[in-house]
Amino acid sequence: MRTRRTEGVICLDGPCGLVYQIGTIAYIVSEDESFRYEFVPNWAVIDLLGAPEYQGVPGFDLETRKTVYVRENITPTFIAERAPAENREGLWEMLAAAGMDYLDKVEWLIRTDTRYIGDGLYVCAPEQAELGEETPADLPAAVVDAQNANSAQLAILRRLCAGLPVELDGREVGPEARKALHAVLRALLEKSNAYREKKRRAGVRAAVKRGAYAGRKRKAIDTLVLAETLDMYDRGVLDAQEAANRLGVSQATFFRRLKEYRESRA
């Protein structure tokens with residue numbers, strides 16, 4: 001019996017542009033319409049994280065430490081919370097907006113800009129994830145090759161966040177050492193970024209006093225896209241967060257544009 005498989009990477013954004021690859025989620029559907037979901041945890045990454053930043057993947061009991069979690073003919077909570085249901089009003093408009101002509105929930109999660117705000121987890125295509133080389137990276141070499149300390153920290157942290165191996169003196173760094181290395185490098189990176197942000201704000205304040213700072217430019221939004229999105233919002237096809245994501249703005253900006261649009265048509 002033929003099957004179709006769609007696979008994505010469950011990710012979690014961290015500070016300083018870091019992306020934690022929590023594991024892979026796959027949807028396999030057969031010709032007889034039976035289906036299953038497979039979640040493969042990336043334990044090397046999950047073990048770096050803790051609450052409140054990361055609180056597990058809904059629908060999977062990660063305390064059992066399985067290599068793979070399978071759900072036969074059941075949609076896991078992680079998917080059900082994020083993807084539209086088969087009977088959702090406006091489903092076909094949502095699929096069309098994502099360039100799809102049938103509902104594949106993993107594919108929809110990969111394509112949509114909508115983010116579930118409950119836990120910060122989202123799905124991206126495997127080719128979008130920063131998987132890098134599986135060959136272990138040597139820590140001293142990474143430091144030497146980097147342009148500066150920040151670049152070295154980021155290079156090592158990105159490998160840790162992807163679950164890729166790192167070596168020290170020819171020996172692979174173990175789980176506990178990875179966790180300690182991650183904690184130290186992330187703290188240094190956050191401190192460095194905070195210092196640069198502090199200097200940036202001081203520069204802005206100085207520029208304002210000199211009258212040389214005009215503030216951030218208003219984001220341009222295509223009028224037709226705005227009208228279509230607001231119509232979908234008014235009809236209940238999109239909620240406020242989904243509409244804001246479609247326009248590439250924050251919810252606060254979305255509501256301001258909504259008010260402006262309605263006042264202009266009053």
Side-chain angles (χ1 to χ4, degrees), residues 1-13 19-47 49 51-129 131 162-163 232-233 235-246 251:
M1 186 180 298
R2 291 194 303 175
T3 61
R4 187 183 75 248
R5 179 186 181 93
T6 307
E7 184 171 309
V9 180
I10 298 177
C11 298
L12 175 68
D13 288 342
V19 178
Y20 293 89
Q21 297 179 31
I22 305 301
T24 60
I25 185 77
Y27 171 65
I28 303 97
V29 60
S30 302
E31 287 180 313
D32 64 359
E33 298 187 353
S34 63
F35 64 92
R36 72 178 184 274
Y37 285 89
E38 295 178 354
F39 169 55
V40 179
N42 191 346
W43 292 114
V45 175
I46 291 173
D47 290 341
L49 298 165
E53 182 177 32
Y54 167 76
Q55 300 183 46
V57 179
F60 300 103
D61 181 8
L62 299 189
E63 291 187 4
T64 57
R65 302 284 296 190
K66 293 181 180 179
T67 303
V68 59
Y69 294 78
V70 179
R71 296 291 181 269
E72 296 279 357
N73 298 311
I74 296 174
T75 301
T77 303
F78 171 80
I79 299 293
E81 286 180 336
R82 293 161 174 77
E86 289 79 0
N87 60 352
R88 174 163 176 169
E89 183 181 352
L91 174 63
W92 294 106
E93 289 93 335
M94 295 179 69
L95 294 179
M100 300 171 62
D101 54 15
Y102 62 89
L103 179 58
D104 177 328
K105 295 182 180 181
V106 171
E107 183 66 28
W108 188 84
L109 289 173
I110 290 172
R111 295 193 186 198
T112 185
D113 293 327
T114 301
R115 290 283 184 90
Y116 178 73
I117 61 175
D119 51 28
L121 298 175
Y122 63 96
V123 180
C124 71
E127 58 269 21
Q128 292 177 311
L131 296 176
M232 293 172 74
Y233 172 73
R235 289 189 291 114
V237 175
L238 301 176
D239 62 26
Q241 185 61 58
E242 290 169 338
N245 290 339
R246 191 168 190 267
Q251 273 201 56

Inset, instruction - Determine, step by step, whether R65 and D47 satisfy the salt bridge (charged side-chain N to carboxylate O under 4.0 Å, His left out) criterion, reporting the C-alpha distance in whole Å, the side-chain angles of both residues, the deciding distance to 0.1 Å, and the verdict. - result: CA-CA 11 Å; R65 302 284 296 190; D47 290 341; 2.8 Å; yes
Inset, instruction - Report yes if the side chains of T24 and I10 come closer than 4.5 Å at any heavy-atom pair, otherwise no. - result: no
Legend entry - E89, CD atom: more than 12 neighbouring heavy atoms under 6.0 Å: no
Legend entry - Heavy-atom pair with the smallest gap, counting every atom of G8 and I110: CA-CD1, 4.0 Å
Legend entry - R4 bridged to E107 by N-O distance under 4.0 Å: no
Inset, instruction - Return the minimal non-hydrogen interatomic distance between D13 and V19, and the atom names on each side. - result: OD1-CG2, 3.7 Å
Inset, instruction - Would you confirm whether W43, through its side chain, and K66, through its main-chain N or O, come within 3.5 Å as a donor-acceptor pair? - result: yes
Inset, instruction - List the steps and the verdict of side-chain contact (heavy atoms from CB on, under 4.5 Å) for Y27 and F35. - result: CA-CA 7 Å; Y27 171 65; F35 64 92; 3.7 Å; yes
Legend entry - Trace of the side-chain contact (heavy atoms from CB on, under 4.5 Å) decision for L62 with F39: CA-CA 11 Å; L62 299 189; F39 169 55; 3.7 Å; yes
Legend entry - Distance-minimising heavy-atom pair for W108 and M100: CA-SD, 3.7 Å
Inset, instruction - Give a yes or no on whether the backbone of R36 and the side-chain of R71 come within a donor-acceptor separation of less than 3.5 Å. - result: no
Legend entry - Polar contact flag, side-chain donor to acceptor under 3.5 angstrom, D119-Y54: no
Legend entry - Salt-bridge contact D104-R111 (side-chain N to carboxylate O under 4.0 Å): no
Legend entry - Exam field: side chain T112 to backbone L109, donor-acceptor pair closer than 3.5 Å: no
Legend entry - Pairwise side-chain contact, K105 with T6, heavy-atom cut-off 4.5 Å (strictly under): no
Inset, instruction - Decide whether N73 and S34 meet the rule of one side-chain donor and one side-chain acceptor closer than 3.5 Å. - result: no
Inset, instruction - Determine yes or no for a side-chain-to-main-chain donor-acceptor pair under 3.5 angstrom, with N42 supplying the side chain and I22 the backbone. - result: no
Inset, instruction - Give the minimum heavy-atom separation between I46 and P41, together with the two atoms involved. - result: CD1-CB, 3.8 Å
Legend entry - F78 backbone acceptor or donor facing E81 side chain under 3.5 Å: no
Inset, instruction - Output yes when R5 and E38 qualify as a salt bridge under the 4.0 Å nitrogen-oxygen rule, no when they do not. - result: yes
Inset, instruction - Could you please spell out the steps behind the side-chain contact (heavy atoms from CB on, under 4.5 Å) verdict for E7 and I25? - result: CA-CA 6 Å; E7 184 171 309; I25 185 77; over 6 Å; no
Inset, instruction - List the atom of Y37, the atom of P76, and the distance in Å for their closest heavy-atom pair. - result: CD1-CD, 3.3 Å
Legend entry - V57 vs L121 side-chain heavy atoms within contact, under 4.5 Å: yes
Inset, instruction - If the plane angle is over 60° it's perpendicular, under 30° parallel, otherwise tilted; pick one for F60 and Y69. - result: perpendicular
Inset, instruction - Carefully, step by step, assess L95 and L103 under the rule side-chain contact (heavy atoms from CB on, under 4.5 Å). - result: CA-CA 7 Å; L95 294 179; L103 179 58; 3.9 Å; yes
Inset, instruction - Please determine if R246 and E242 form a salt bridge, counting it only when a charged side-chain N lies under 4.0 Å from a carboxylate O. - result: no
Legend entry - Neighbour count >12 (heavy atoms, 6.0 Å) for atom CD, E33: no
Legend entry - Over 12 foreign heavy atoms within 6.0 Å of CD, E63: no
